Colleague: 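Got a structure for you, written out below as structure tokens; questions coming shortly.
Read the numbers this way: they start at 1 and go in the same order the structure lists the ligands and their atoms. From a predicted model like this one, the values you see are computed outputs, not experimental measurements.
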Amino acid sequence: MYLQNPVFIPGPTNLPEVLRKASDMPTIDHRSPLFGEILRPALAGVKKVVKSEAASIFVFPATGTGGWETAITNTLSPGDRVLVARYGMFSHRWIDMCKRHGLDVSVIETPWGSGAPVDRYEEMLTADKAHQIKAVLVTHNETATGVKSDIAAVRHALDSARHPAMLFVDGVSSIASMEFRMDDWGVDVAVTGSQKGFMLPAGLAITAFSPKALAALETAKLPRTFFDVRDMSKSYENNAYPYTPAVGLLNGLKVSTEMLLAEGLENVFARHNRIAAGIRAAVRAWGLELCASSEDLYSDTVSAIRTPDGFDATSVVTHAAKKYDVAFGVGLGEVAGKVFRIGHLGSLTDVMALSGIATAEMVMADLGLGIKLGSGVAAAQEYYRKNQVSGDRGAA
Ligand SMILES: *Cc1c(COP(=O)(O)O)cnc(C)c1O
């Protein structure tokens with residue numbers, strides 16, 4: 001195996017050399033002061049990345065899914081009502097988790113390709129005069145469909161309804177790549193993982209709790225042990241974990257946040273937007289459509305591309321892997337076989353994106369999709385030429 005090509009899956013993302021090295025360190029005693037020199041800046045860095053002054057950051061040896069579980073089990077009790085919309089595989093899985101934990105889940109079924117239905121949220125919150133809804137759950141960037149939702153608008157819906165429910169946001173494929181404003185949006189628990197915007201291997205569930213979410217710890221009765229924020233919080237006071245931390249990954253997280261902040265978050269977001277816009281220009285040149293149903297919903301971290309009816313979109317992914325050693329993402333759930341995905345987040349430049357576009361063209365031409373070689377590449381090249389920011393070379 002010769003692992004030279006970038007991957008174009010929406011996580012895990014490409015590992016910058018500096019982060020691969022930072023995550024691969026000699027064993028240290030995780031109960032020694034040295035560990036605090038890794039933990040403290042890692043937590044402080046995450047706090048800046050989610051744009052919060054008020055939040056407390058808790059990082060578990062887990063993945064984004066563990067972050068979902070951390071959010072709900074620390075703040076809710078069996079039978080508590082939560083409000084959530086289903087519009088893709090990730091929102092679906094979070095709903096499934098809530099049900100398995102015995103929560104009373106009010107699901108707003110939403111077409112895949114749409115985002116969080118803010119009006120419906122507002123209606124249901126307004127109707128809930130008794131304030132039985134304890135939390136509203138939103139997947140910020142639905143990685144299955146390449147759709148971003150408007151979290152500020154969901155906050156506005158809560159405020160308009162004068163509803164005190166907490167707001168939990170899955171930011172696994174948005175945080176550190178797209179605008180995310182924990183405090184401004186009044187997010188109570190934000191969840192992410194190490195293997196997407198933070199450009200690290202999988203292995204960390206990264207969560208941010210608002211003071212309101214922390215207060216809910218006191219009354220929340222869902223069972224929790226490994227993900228208990230109270231234990232984590234107590235241990236953090238001594239720069240330690242309730243168990244063995246993933247020291248190397250935490251060191252990677254420290255360095256990752258340093259890289260992101262050195263590039264400048266606004267520059268990071270602009271880079272993702274530019275790369276994504278080039279990919280979207282290519283998709284248009286191919287005469288194909290995105291799964292996202294309108295422009296305001298386009299994700300800057302992943303594009304789900306519809307293939308013509310009767311064509312198996314998964315074959316794009318299998319063929320690309322087999323013939324060109326390049327990884328794209330398959331369609332998941334309802335859109336399996338209907339879309340293939342180009343992940344464009346993390347450590348990526350315009351030039352790397354062009355290689356993915358060129359590969360997708362070769363694959364689609366091989367599979368008889370009638371794509372003119374170079375058409376998408378040229379469209380993206382034009383976009384990148386016109387929108388270049390000199391010196392902004394990003395985290396590659
Ligand atoms: C990747 C992803 C997850 C799940 O993360 P794991 O790390 O695989 O557990 C959750 N939500 C979204 C939006 C994702 O993209």
Colleague: Between Gln4 and Asp325, does any side-chain donor sit less than 3.5 Å from a side-chain acceptor?
Modeller: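 On atom types as modelled, these side chains do not qualify, holding no pair under 3.5 Å.
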Colleague: Within ligand 1, which atoms have a heavy atom of Asn141 less than 4.0 Å away?
Modeller: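 Numbered from 1, ligand 1 contributes 13 (C).
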Colleague: Mind telling me whether Tyr236 and Phe58 have parallel, tilted or perpendicular rings, with 30° and 60° as the class edges?
Modeller: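 Answer is parallel, since the angle falls under 30°.
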Colleague: Thr63 heavy atoms, cut-off 4.0 Å: which ligand 1 atoms fall inside?
Modeller: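 In order of number, 6 (P), 7 (O), 9 (O).
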Colleague: At what distance is the nearest protein heavy atom to atom 11 (N) of ligand 1, and which residue and atom is it?
Modeller: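 Ranking protein heavy atoms by distance from atom 11 (N) of ligand 1, first comes Asp170 OD2, 2.6 Å.
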Colleague: Looking at Phe90, is Lys196 sitting on its ring face, NZ or CZ under 6.0 Å from the six-membered ring centre and within 45 degrees of the normal?
Modeller: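 Here Lys196 passes the 6.0 Å and 45° test against Phe90.
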Colleague: Give yes or no for whether the N/O distance cutoff of 3.5 Å, strictly under, is met between Thr143 and ligand 1.
Modeller: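 So ligand 1 has an N or O lying under 3.5 Å from an N or O of Thr143.
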Colleague: So, taking the atom named CD1 in Ile38 and the one named CG in Leu43, what distance separates them when rounded to the nearest 0.5 Å?
Modeller: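 CG of Leu43 is found 11.5 Å from CD1 of Ile38.
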Colleague: Are Ser173 and ligand 1 in contact, using a heavy-atom cut-off of under 4.0 Å?
Modeller: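 Yes; Ser173 lies near enough to ligand 1 that a heavy-atom distance drops under 4.0 Å.
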Colleague: Could you name the option among Gly88, Ser174, Gly64 that has the heavy atom nearest to atom 5 (O) of ligand 1?
Modeller: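 The nearest heavy atom belongs to Gly64.
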Colleague: Give a yes or no on this: more than 12 heavy atoms of other residues, nucleotides or ligands lie within 6.0 Å of atom NE2 of His156.
Modeller: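 Check fails, neighbour count at 12 or below.
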Colleague: Consider side-chain contact (heavy atoms from CB on, under 4.5 Å). Of Leu137, Ile95, Leu83, which one does Val105 pass it with?
Modeller: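 The single option meeting the side-chain contact (heavy atoms from CB on, under 4.5 Å) with Val105 is Ile95.
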Colleague: Measure the CE-OG distance between Met182 and Ser210 for me, rounded to the nearest 0.5 Å.
Modeller: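 Interatomic distance, Met182 CE to Ser210 OG, rounded to 0.5 Å: 5.5 Å.
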Colleague: Check Val172 against ligand 1 and report side chain, backbone, both or neither, counting heavy atoms closer than 4.0 Å.
Modeller: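 Under 4.0 Å from ligand 1, Val172 contributes side-chain atoms alone.
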Colleague: Take every heavy atom of His140, measure it against each atom of ligand 1, and state whether any distance is under 4.0 Å.
Modeller: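 Contact check His140 vs ligand 1: negative.
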Colleague: Would Arg93 count as a contact residue for ligand 1, given that I'm defining contact as a non-hydrogen atom of the residue lying under 4.0 Å from a ligand atom?
Modeller: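 For ligand 1, residue contact (heavy atoms, under 4.0 Å) with Arg93 is absent.
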Colleague: Of the backbone atoms (N, CA, C, O) and the side-chain heavy atoms from C-beta on, which set of Lys196 has a member under 4.0 Å from an atom of ligand 1: side chain, backbone, both, or neither?
Modeller: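 Lys196 to ligand 1: side-chain contact only, backbone stays beyond 4.0 Å.
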Colleague: Show me which atoms of ligand 1 lie under 4.0 Å from any heavy atom of Gln195.
Modeller: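 Those atoms are 6 (P), 7 (O), 8 (O).
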Colleague: Hey, which of Arg274, Arg271, Gln381, Arg385 is the one that makes side-chain hydrogen bond (donor to acceptor under 3.5 Å, both in side chains) with Asp350?
Modeller: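 The single option meeting the side-chain hydrogen bond (donor to acceptor under 3.5 Å, both in side chains) with Asp350 is Arg274.
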Colleague: Going by heavy atoms, is Trp94 under 4.0 Å from ligand 1?
Modeller: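 No, Trp94 has no heavy atom closer than 4.0 Å to ligand 1.
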